[in-house]
Amino acid sequence: MAETKEKSTQEKKPVLPPKSNFSEWYNELLLIAQIMDVRYPVKGLYVWFPFGFDVRKRTYSIIRELLDKDHQEALFPLLIPENEFMKEAEHIKGFENEVYWVTHGGKNELDVKLALRPTSETAIYPMYKVWVRSHADLPIKIYQIVNTFRYETKHTRPLIRLREITSFKEAHTVHATWDEAAQQVKKATMIYQEFYRRLAIPTIVSKRPDWDKFPGADYTMAVDTLMPDNKTLQIGTAHHLGSNFAKTFDIKYEDINGDQVLAHQTCYGISERSIAALISVHGDDKGLVLPPEIAPIQVVIIPILFGKSDETLITCHNVEERLKTRNIRVALDETDERPGAKYYKWEMKGVPLRVEIGPRDLKNNAATLVRRDKGNKENVPLDDIEIEIENRFTAIHESLLEKARSSLEGRLITCTTIEEVKEKISEGITKIPWCGDRECGLAMEEAVGSGILGIPEGKLGKGSGICPVCKKETENIAIMAKTY
RNA sequence: GGGGUUGUAGGGUAGCCUGGUCCAUCCUAUAGCGUUCGGGACGCUGUGACCUGAGUUCAAAUCUCAGCAACCCCA
């Protein structure tokens, strides 16, 4: 009898593949945890479930909070006329192969084709030309959160490589001088790092090599993180556009001397890749693990019932109400399932804290608290439960960030030769001295078969060594990795 | 960019090679009722599927072609 029971419970486990099998884990998790429905019948387009959309809302409200300090949110059209889109030569080259075109209105062919924005420079800058008159109009710092379309020919992947990016936060700024714009790029990367700290995701900021910059930019700064399968994911970029677009879109201002001067611009963006990173970095074999700030449900209360357990339920409702008055997002699971089944269900959804209340707890005037990230059980007095929970929220966030950070740092690999990079690149992010020359960089990429992400800001990009191609001494350390 | 594999209930599968035995198997999910409840409960009664289109054939889940979609490998 006991044996058959044990056997049957073992057979009922295989809901989610282990995270070590990352690709399958990721796809299954999106569906089971109800982040995205990947079954929409068009390649590269996916559906946000209400739960996933809630995660998205909370994530993006952090971006808004951070940007609203000195940006304004606006909204530009989805459709861009062909003539505007085709103005900036470099920009076109970068995007023309992946643009969707609207060619008809009903049965009539349009005189001017309309592009579905792959990004909004060419939608926004004709308006900036009109808006910018005087140095007193500057700087302009505007952002929008919109969907964009790119006809990806490579493998599409939910949240990571999409034909419709549903959650593109793009900021577009205009400044008087090149230096001021450079300052803004710097600020943007700071904002993004702050944003990712709020998601407990560690990041590396680096300047992309010249051949890998945004089409039409002077230079590109990128924010990357490392995924569980040792590939990096670019989760934010900031571009210094110089006067390149100002020239083609004729964005000029009158300076204090009365001269007409070309403006300088930047743009910077973040997409739902931020949520791909959130899910992938923190999740485990049991499903999602969400930082409390993001979790749609922060606490779930599981009543442990025996026979008529009115008292247990009353206490649960009481705790629920008390938590609600503290603005804690709480759910009380009163369904008819057994406790174990409920644990698995809410763990899949990444609820940071579980409160179990049963007869044993009532006897002690206590509750059992279980952290999603660590899984350990603690007894806390019922009277202090709000404070105990709030304290743990902070602790959970910190330990998630710490865990993610040490996981990333543990996969930074110092190399001195190209052969070594080639050998180790599947294990993480490789560090290799690089003189910074284009020829050497391209040769390294060619030999390794992967890209140079850049020379990271801060300590990570500094050191001493010999460029493996030209053998010159250098203090620059570049990072190379397999990328999404 | 090149190559390969696959498409059967909400999810996972059997059947396909060798067409008829299939009003399609099993697990899970799900609806109702009852008993249960400290890590995926059980009983009873129900629900739900052959990707789309064309072709071959007396007969197609099964064979052929195309489309759409998914996955894997190489560049």
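Throughout, a chain's letter reflects where its sequence line sits, starting with A, and its residues are numbered from 1. These numbers were taken from a predicted model, which means no experiment stands behind them. What's counted below: heavy atoms across the whole structure, side chains too, no hydrogens, waters or symmetry copies.
- B:U5 and B:G46: their P atoms are spaced 43 Å apart (whole Å).
- If you take CG of A:D336 and P of B:A41, they are 11 Å apart, rounded to a whole angstrom.
- Using P as the reference atom, B:G11 and B:C51 are 13 Å apart when rounded to the nearest Å.
- Annotation: cation-pi pair A:R117/A:F149 absent, no NZ/CZ under 6.0 Å from the ring centroid and within 45° of its normal.
- Among the atoms of the strands shown, none is found under 4.0 Å from any heavy atom of A:Q34.
- Going from atom CG of A:N364 over to atom P of B:G38 covers 18 Å, rounded to whole Å.
- At a threshold of 4.0 angstrom between heavy atoms, the contacts of A:P359 include nucleobase atoms, whether or not backbone atoms are also involved.
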- Message: Under the criterion side chain to side chain contact (heavy atoms under 4.5 Å, CB included), I'd like the reasoning laid out for A:E445 against A:L442: C-alpha separation, chi angles, the key distance, then a yes or no.
- Response: CA-CA 5 Å; A:E445 290 194 343; A:L442 288 172; 4.2 Å; yes
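- B:U30 and B:A75 are spaced 44 Å apart, taking the P atom of each and rounding to whole Å.
- In this structure, A:K403 does not pair ionically with A:D373, as no charged nitrogen and carboxylate oxygen lie closer than 4.0 Å.
- Atom-to-atom, CG of A:L31 to C1' of B:U28 comes out at 14 Å; the value is rounded to the nearest Å.
- Put simply, the side chain of A:R338 and the base of B:G38 share no donor and acceptor less than 3.5 Å apart.
- Atom name C1', nucleotides B:G10 and B:C72: the rounded distance is 25 Å, in whole Å.
- A salt bridge is absent between A:R354 and A:D333; no separation between the charged side-chain nitrogens and carboxylate oxygens falls under 4.0 Å.
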- Item | RNA chain B base-pair string [pairs: Watson-Crick or G-U under 3.5 Å; |: paired with another strand] | (((((((..(((.......[.....)))(((((((.....)))))))...(((((..]....)))))))))))).
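- Taking the nucleotide of RNA chain B with the nearest heavy atom to each of A:T153 and A:D361, the more 5' of the two is matched to A:T153.
- The separation of B:C26 from B:C44, taken at their P atoms, amounts to 15 Å, rounded to a whole angstrom.
- No more than 12 heavy atoms of other residues, nucleotides or ligands lie within 6.0 Å of CG in A:D111, so this atom counts as exposed by the packing criterion.
- You cannot call A:Y343 stacked on the base of B:G39; the centres under 5.5 Å and planes under 30° rule is not satisfied.
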Using a cutoff of under 3.5 Å, can you pull out all pairs of nitrogen or oxygen atoms linking the protein to nucleotides 70-75 of chain B, with atom names and distances?
unit_1 : atom_1 : unit_2 : atom_2 : d
B:C72  : OP1    : A:S23  : OG     : 3.2

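- Rounding to the nearest 0.5 Å places CD1 of A:I357 at 5.5 Å from CG of A:L382.
- The stretch residues 159-167 of chain A has no heavy atom under 4.0 Å from RNA chain B, so no residue of it qualifies as close.
- Spacing of P atoms, B:C74 relative to B:G12, comes out at 25 Å, to the nearest Å.
- At a threshold of 4.5 Å between non-hydrogen side-chain atoms, the residues A:P118 and A:F85 count as touching.
- Atom CG of A:L16 and atom P of B:A29 are 16 Å apart (whole Å).
- With both ends at atom C1', the span from B:G32 to B:G39 equals 28 Å, rounded to whole Å.
- Spacing of C1' atoms, B:G48 relative to B:A24, comes out at 13 Å, to the nearest Å.
- For the pair A:K345 NZ and B:G11 C1', the interatomic distance rounds to 17 Å; values are reported in whole Å.
- Taken residue by residue, residues 369-382 of chain A places heavy atoms nearer than 4.0 Å to RNA chain B at A:K377.
- With sequence neighbours excluded, no residue forms a side-chain hydrogen bond (donor to acceptor under 3.5 Å, both in side chains) with A:E419.
- The pair A:R56-A:E272 does not count as a salt bridge, with every side-chain nitrogen at least 4.0 angstrom from each carboxylate oxygen.
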- Message: Show, in sequence, the C-alpha distance, side-chain angles and deciding distance for A:R371 and A:S399, and conclude whether the side-chain hydrogen bond (donor to acceptor under 3.5 Å, both in side chains) test is met.
- Response: CA-CA 11 Å; A:R371 271 172 66 161; A:S399 95; 3.1 Å; yes
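- Counting to the nearest Å, the P atom of B:U36 and the NZ atom of A:K342 are 16 Å from each other.
- Following rounding to the nearest Å, A:D333 (CG) and B:G40 (C1') show an atom-to-atom distance of 13 Å.
- Listed by chain and residue number, A:F214 satisfy the ring pair (Phe, Tyr, Trp, His ring centres under 6.0 Å) test with A:H239 (two or more places apart in sequence, or in another chain).
- Relative to the six-membered ring of A:Y219, A:K207 meets both conditions, a distance below 6.0 Å and an angle of at most 45° to the axis.
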- Task: Applying side chain to side chain contact (heavy atoms under 4.5 Å, CB included), run through A:L288 and A:I35 and close with a yes or a no.
- Result: CA-CA 10 Å; A:L288 286 179; A:I35 300 290; 3.8 Å; yes
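- A:M86 contributes atom CE, which lies 6.0 Å from atom CD of A:E96 (distance to the nearest 0.5 angstrom).
- The environment of A:K422 atom NZ is sparse: at most 12 non-hydrogen atoms of other residues, nucleotides or ligands sit within 6.0 angstrom.
- In this entry the distance linking CZ of A:F306 with P of B:C37 reads 6 Å, nearest Å.
- Both tests pass for A:K231 against the ring of A:Y484: distance under 6.0 Å to the centre and angle within 45° of the axis.
- For A:L305, the listed nucleotide lying nearest its side chain is B:C37; candidates were B:C37, B:G39, B:G40.
- Taking only distance into account, the side chain of A:E28 never meets the base of B:G12 through a donor-acceptor pair shorter than 3.5 Å.
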